[in-house]
2 protein chains.
Amino acid sequence: MGYRENPRPGGRSARVQAAVHQSVRDMLSTMDRADVTIPLIAQRANVTPSTIYRRWGDLQELLADVAASRLQPDGAPPKIGSARDDLEAWVEQYADEMASGVGREMIRDVLSAADATNAERCSGYTQHQLCVLIARAKEYGEAFPTLVELMDHVISPIMYRVLFDQAPGTDYVRELIARAMPRDTSRT
Amino acid sequence: MGYRENPRPGGRSARVQAAVHQSVRDMLSTMDRADVTIPLIAQRANVTPSTIYRRWGDLQELLADVAASRLQPDGAPPKIGSARDDLEAWVEQYADEMASGVGREMIRDVLSAADATNAERCSGYTQHQLCVLIARAKEYGEAFPTLVELMDHVISPIMYRVLFDQAPGTDYVRELIARAMPRDTSRT
DNA sequence: CCACTAACGCAAATTATTTGCTTTTGTGCA
DNA sequence: TGCACAAAAGCAAATAATTTGCGTTAGTGG
């Protein structure tokens, strides 16, 4: 029972996890998602199906785990200029990524697992990136929205559209940000 | 092939659908959702599993269909007083319903189906209710947010929290509404 | 009342999932 | 180094879910 949260790198367990994740990514990119099954994933990863079942439980949990890993940001948001510019650029790429076919499927995977851990992981990633931007604004002495304001009025609307409707465009993102900025900084 | 979207009431197809929906609702309320399977649903509904498979495809689609039906509002938002009061009351009950264990599961069911139809259905229900409130405000001559503003800055943040984090409280809902109201109406 | 067809039931074939037991592999300690 | 231990993987049989071909039923329209 009980897999370590951070298996020692190089250990057998870590190798299996890597192989399975890789296998899932490959399959998702080459075939229809409805045809992705645990026995197939296992075969491609050179692993027994029962290993996957015991470790992840079912396909949804596995997909959620893989999706959450893929949603983990590469590094800090790029520095463009002002904190606001950085924010706009970062949110735009965030919205693009989420609105893309692949992004939507990853979010759906993360949300449809019974275990909420991976959903929280994703939300955590987003909040962490925003905190970096907030810290930058503080350093520069720029007026800036709080984390809660950004989550509620910039991230949430984007996510809702991605999940329920259609893609949020670039202009839309900029308007959300403008609306979230503190009054004295707001433009026309 | 091809089930009518609105099967004639009283027809065989409609009876089967009703029995299956009922069976799903019963099972979700009495047993753990992980134990709900199509063969069991079929048995309780006095129907063959293959009927369900042919009609809905898989468990997720069926659950999404049932959940969307249950999320359909009973009637127009109650009239309390001003349109704003009505809005606050309606959004509060909306948030409560969504944040409850059952509500969260229904939303998750709706979102995890491959077919986005049921998700759009739900979003449509919400927008319809809001439109009623907006029309009321117009009738009363009250300043009121637009549909887009309400969806983006009241509904979306609630939904995000329900999906990714924890329950939005009553105070939180009121703050969202206060923030969404047009400036000249806003309170301290 | 008859012909037509969409939707259902049944049962066999396939595929996925679970589970008991064995074997492997990495870890800690002498 | 080498031995003992435990966690995780493999294997295969048993169970359960899904798919599918074909016959039957029940609404619908003429």
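Numbers restart at 1 for each chain; the letters A, B, ... are given by sequence-line order, proteins then strands.
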Please determine whether any donor N or O and acceptor N or O are separated by less than 3.5 Å between the side chain of B:Ser50 and the base of C:dC8. no
Cationic N near anionic O, under 4.0 Å, A:Arg136 to A:Glu142: no
When the nearest nucleotide of DNA chain C is assigned to A:Ser13 and to B:Asn46 on a heavy-atom basis, which residue is associated with the more 5' position? B:Asn46
Atom-pair distance (CD1 on A:Ile41; P on C:dT17), nearest Å: 10 Å
Distance check: side-chain N/O of A:Thr48 vs OP1/OP2 of D:dG10, anything under 4.0 Å? yes
Rounded to the nearest angstrom, tell me the gap between atom CG in A:Leu40 and atom P in C:dT17. 11 Å
Ignoring hydrogens and angles, are the base of D:dA9 and the side chain of A:Arg12 linked by a donor-acceptor pair under 3.5 Å? no
How many Å lie between OH on A:Tyr53 and P on C:dA16, as a whole number? 7 Å
Of A:Arg54 and A:Thr37, whose closest DNA chain C nucleotide lies nearer the 5' terminus? A:Thr37
I want to verify a distance call: between D:dA17, D:dA7, D:dG27, whose nearest atom is closest to the B:Arg15 side chain? D:dG27
Side chain of B:Ser156, backbone of B:Met151: donor and acceptor closer than 3.5 Å? yes
Aromatic B:Tyr172 / basic B:Arg161 pairing, under 6.0 angstrom, 45° off normal: yes
Starting from the 5' end of DNA chain D, give me the residue, B:Gly10 or B:Asp58, whose nearest nucleotide shows up first. B:Asp58
Would the distance check show the side chain of B:Ser69 and the main-chain N or O of B:Asp65 forming a donor-acceptor pair, the cut-off being under 3.5 Å? yes
